Amino acid sequence: MHTVRDFIVIIRREEETVAYREALRLSLDRLPAEGRALRVHVWNHRDDVMYATFELMLERVLRALGRWNAAMIAEQTRIERTLGATPILNVPFHRYQLRIDATSLWPEAAQTDEVADVTATLLQNDRRRLRVLLGTAGFGKTTAVLRAAREGARQWLVIPAARIAADAANAQSLFETALDFDELLAGATDAERPVWQRIVGPVLKYITQFESGIGIVVDALDESSTIGRSYDLHTFFNFFRRTVVPVIITMRSEFWAAHRGDFTPGKSVVESTVQTLDVIDLKPWDDEQIVEAARMRLAETRDFDVRGRLRAFLEDVETGRYQQFYGDIPRTPLFLRFVLDVMDRRDPRNVTRSELFRFWAEQKISRDVEVPKTKGGARLPIRTGVTTAAAAIEVAMQAMTEAAVSMTAVRDDDTIVLLPDCSFEEIRCAMGDAVPDSLEALALNSLLITTSHAVPRLRFAHRVFQEFFVAQAAARFSGRQLPPEVEQWR
């Protein structure tokens with residue numbers, strides 16, 4: 001005899017009398033006793049069915065968030081493998097609070113300058129307070145929020161802003177951006193899929209309106225094509241009016257400054273929900289952080305020549321001479337890492353940002369190819385027959401350029417926008433027979449990493465890398481307007 005897990009009886013309203021339900025209950029009670037069903041349910045035609053569907057989708061969403069968190073941590077590990085983990089926790093930032101209601105910006109509160117752990121600051125548990133993390137490219141915004149997501153005792157709904165659809169006009173459509181619908185609706189019949197899909201948004205909104213143990217991250221809002229086109233920044237923040245769980249939003253400082261006019265000073269005439277924006281604006285590193293990072297690197301280094309270059313750099317910083325050799329390059333954490341890494345093989349004084357990045361990228365790929373050989377191992381080659389570091393660099397540089405071009409789109413006004421990722425097939429079509437052997441081979445031998453999609457795609461480990469390679473292909477965009485962050489690499 002077959003035993004079912006759940007035996008469900010759905011009754012119509014006109015049948016729902018006390019006598020009918022009692023007779024039905026007596027009949028159904030025999031099923032578990034006879035071993036024919038583990039559980040028996042009697043549902044009303046509409047209310048109970050909708051409630052059960054909602055509960056089913058809530059369970060699926062929470063499981064999906066768990067998988068997404070694990071995938072996000074794995075992706076952060078891949079980024080750290082490419083860039084190296086940021087060694088300095090206490091960094092300088094400017095902090096202030098803004099209060100906004102439905103239509104207006106209230107007067108600014110006191111402002112402070114701090115040197116502290118940004119991740120710990122982001123995880124402070126303040127109800128109805130949106131953390132807004134600002135910083136120029138390379139200041140560690142994404143690293144800080146992903147550390148917060150990894151270290152905080154929450155599950156995080158992570159929304160890459162570049163994927164926000166142009167028609168995302170409310171909180172639930174925004175939250176839906178974080179989930180893979182194909183994975184979420186796996187197992188649903190063709191008839192069930194439309195119903196389940198309509199329920200996902202309300203479920204996501206529901207779990208953000210009480211202390212459910214989740215948090216929200218909207219990363220790199222400046223990469224969204226919707227702000228300034230579909231709606232302004234104030235409207236975007238209004239999506240979170242009913243949100244109770246922690247919210248962290250990151251964007252470049254230049255983007256924030258350009259959109260401060262989206263807020264109207266004063267207070268709304270009509271009473272509305274007031275939100276507090278806790279703005280944390282990362283500042284360029286001071287000599288103190290630069291020296292600390294260099295000393296940590298020196299302590300890890302054994303090679304005599306490299307130690308000599310590091311000591312010379314420390315002396316340049318401590319005597320104030322470093323600016324004549326490096327300008328302000330070391331004050332950006334990402335570029336300081338490039339400087340310290342390049343010292344492994346050469347003196348990086350008097351180079352431009354573009355030259356420094358190219359040195360660093362080529363050195364990293366070379367090290368990835370050569371180091372396994374010194375330990376008697378082997379690394380999956382970028383392409384069959386490519387055995388030298390120089391040949392791997394050549395293939396990787398071409399592939400990264402094609403990837404960057406594939407991650408672009410042309411707007412109606414002939415401006416170029418950058419997209420978050422691309423498929424390996426797009427690179428294959430551009431490179432033909434010269435393409436790397438596989439997505440995995442390319443990710444292992446370049447600055448590209450795989451995404452956490454059900455079908456993995458490729459993205460750059462840092463947005464700055466993407467901007468650099470788009471600039472290298474600028475001739476292909478003749479007559480069109482490249483973004484300012486790309487133009488600065490030309």
Side-chain angles (χ1 to χ4, degrees), residues 71-72 74-86 135-143 145-146 158 160-163 219-225 250-252 332-335 337-338 341 353-354 356-365 368 382 392-393 395-409 416-428 430-431 435-436 439-453 456-474 476-477 482-483 485-490:
M72 179 185 61
E75 189 166 310
Q76 173 65 5
T77 301
R78 291 193 291 273
I79 292 171
E80 289 179 351
R81 193 179 297 126
T82 301
L83 297 178
T86 301
T136 302
F139 273 40
K141 301 179 295 298
T142 299
T143 298
V145 295
L146 290 180
V158 180
R163 298 177 189 163
D219 189 35
L221 192 61
D222 51 283
E223 297 177 16
S224 169
S225 60
T250 77
M251 68 188 86
R252 290 189 179 179
T332 299
L334 178 63
F335 285 91
R337 175 166 295 281
F338 294 164
D341 283 352
R353 284 176 184 258
S354 182
L356 176 66
F357 173 70
R358 184 174 285 278
F359 290 152
W360 177 83
E362 292 179 353
Q363 177 177 299
K364 183 197 177 299
I365 296 168
D368 288 345
I382 193 166
I393 289 168
V395 176
M397 288 296 190
Q398 183 184 354
M400 288 188 286
T401 301
E402 297 303 338
V405 172
S406 297
M407 296 179 204
T408 62
I416 301 297
V417 294
L418 306 189
L419 306 178
D421 49 44
C422 71
S423 68
F424 181 70
E425 189 58 33
E426 291 173 281
I427 301 172
R428 185 196 305 277
M431 294 185 67
V435 71
L439 176 145
E440 292 77 13
L442 177 55
L444 277 172
N445 295 277
S446 72
L447 305 180
L448 293 160
I449 62 172
T450 54
T451 68
S452 301
H453 291 89
R457 293 169 65 82
L458 288 161
R459 74 177 184 89
F460 283 93
H462 198 287
R463 173 83 165 196
V464 162
F465 304 167
Q466 182 179 354
E467 293 161 359
F468 171 86
F469 283 101
V470 172
Q472 303 311 295
R476 304 192 201 182
F477 303 101
L482 291 168
E485 58 269 27
V486 172
E487 289 285 5
Q488 70 179 0
W489 285 103
R490 297 182 65 186

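Please read these numbers as outputs of a predicted model, since none were measured by experiment. Heavy-atom basis, side chains included; hydrogens, waters and symmetry copies ignored.
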Item to check | Salt-bridge present (Arg252, Glu467; N to O < 4.0 Å) | outcome: yes

Checklist outcome for this item: Correct closest heavy-atom pair for Ala399 and Leu442 would be CB-CD1, 3.6 Å

Next on the checklist: Could you check, using the six-membered ring where one of them is a Trp, whether Phe468 and Phe460 have ring centers closer than 6.0 angstrom?
Outcome noted: no

Item to check | CG on Leu419 to CZ on Arg163, rounded to 0.5 Å | outcome: 11.5 Å

Item to check | Note, Leu458 side chain near Thr451 side chain (heavy atom, < 4.5 Å) | outcome: no

Checklist entry - For residues Gln398 and Thr401, is any side-chain donor paired with an opposing acceptor at under 3.5 Å? => result no

Checklist entry - Atom CG of Leu444 and atom CD1 of Ile365: how far apart are they, to the nearest 0.5 Å? => result 12.0 Å

Checklist entry - Between Leu447 and Phe357, does a side-chain contact (heavy atoms from CB on, under 4.5 Å) hold up when you go through it step by step? => result CA-CA 12 Å; Leu447 305 180; Phe357 173 70; 3.6 Å; yes

Checklist entry - Within a strict 4.5 Å, meaning less than it, do heavy atoms of the Arg463 and Leu418 side chains meet? => result yes

Checklist entry - Do we get Arg457 above Phe424's six-membered ring, with its NZ or CZ under 6.0 Å from the centre and within 45° of the axis? => result no

Checklist outcome for this item: Rounded to the nearest 0.5 angstrom, the CG-CD distance for Asp421 and Glu426 is 8.5 Å

Item to check | Mutual orientation of the aromatic rings belonging to Trp360 and Phe338 [parallel < 30°, tilted 30-60°, perpendicular > 60°] | outcome: tilted

Checklist entry - If we only count heavy atoms from C-beta on, is the Pro483 to Val417 side-chain gap below 4.5 Å? => result no

Checklist entry - Which heavy-atom pair separates Leu221 from Ala161 by the least distance, and what is that distance? => result CA-CB, 3.5 Å

Item to check | Test: Glu402 and Arg476 ion pair at under 4.0 Å | outcome: yes

Next on the checklist: Looking at Thr408 and Val405, would you say the former's side chain and the latter's main chain have a donor-acceptor pair under 3.5 Å?
Outcome noted: yes

Next on the checklist: Can you give me the closest heavy-atom contact between Pro456 and Leu439, atom names plus distance?
Outcome noted: O-CD1, 3.6 Å

Checklist entry - Counting only N and O atoms by type, is there a donor-acceptor contact under 3.5 Å from the side chain of Thr332 to the main-chain atoms of Leu334? => result no

Next on the checklist: As an exercise, state the distance from CG of Asp341 to CZ of Phe359, rounded to the nearest 0.5 Å.
Outcome noted: 14.0 Å

Next on the checklist: salt bridge (Lys or Arg N to Asp or Glu O under 4.0 Å), that's the test. Do Glu485 and Arg490 meet it? Break it down for me.
Outcome noted: CA-CA 10 Å; Glu485 58 269 27; Arg490 297 182 65 186; over 6 Å; no

Checklist entry - Do the side chains of Pro436 and Val395 get nearer than 4.5 Å, heavy atoms only? => result yes

Checklist entry - Is there a side-chain contact between Met400 and Leu448, using heavy atoms and a 4.5 Å cut-off? => result yes

Next on the checklist: For the CZ atom of Phe469 and the CE atom of Met407, what is their distance to the nearest 0.5 Å?
Outcome noted: 11.0 Å

Checklist entry - Looking only at side chains, do Thr250 and Asp219 share a donor and an acceptor under 3.5 Å apart? => result yes

Next on the checklist: Would Met397 and Arg358 count as a side-chain contact (heavy atoms from CB on, under 4.5 Å) here? Give the steps.
Outcome noted: CA-CA 10 Å; Met397 288 296 190; Arg358 184 174 285 278; 4.1 Å; yes

Next on the checklist: Could you measure the distance from the CD atom of Glu487 to the CD1 atom of Ile416? Nearest 0.5 Å is fine.
Outcome noted: 10.5 Å

Checklist entry - Is the shortest heavy-atom distance from the side chain of Arg353 to the side chain of Gln488 under 4.5 Å? => result no

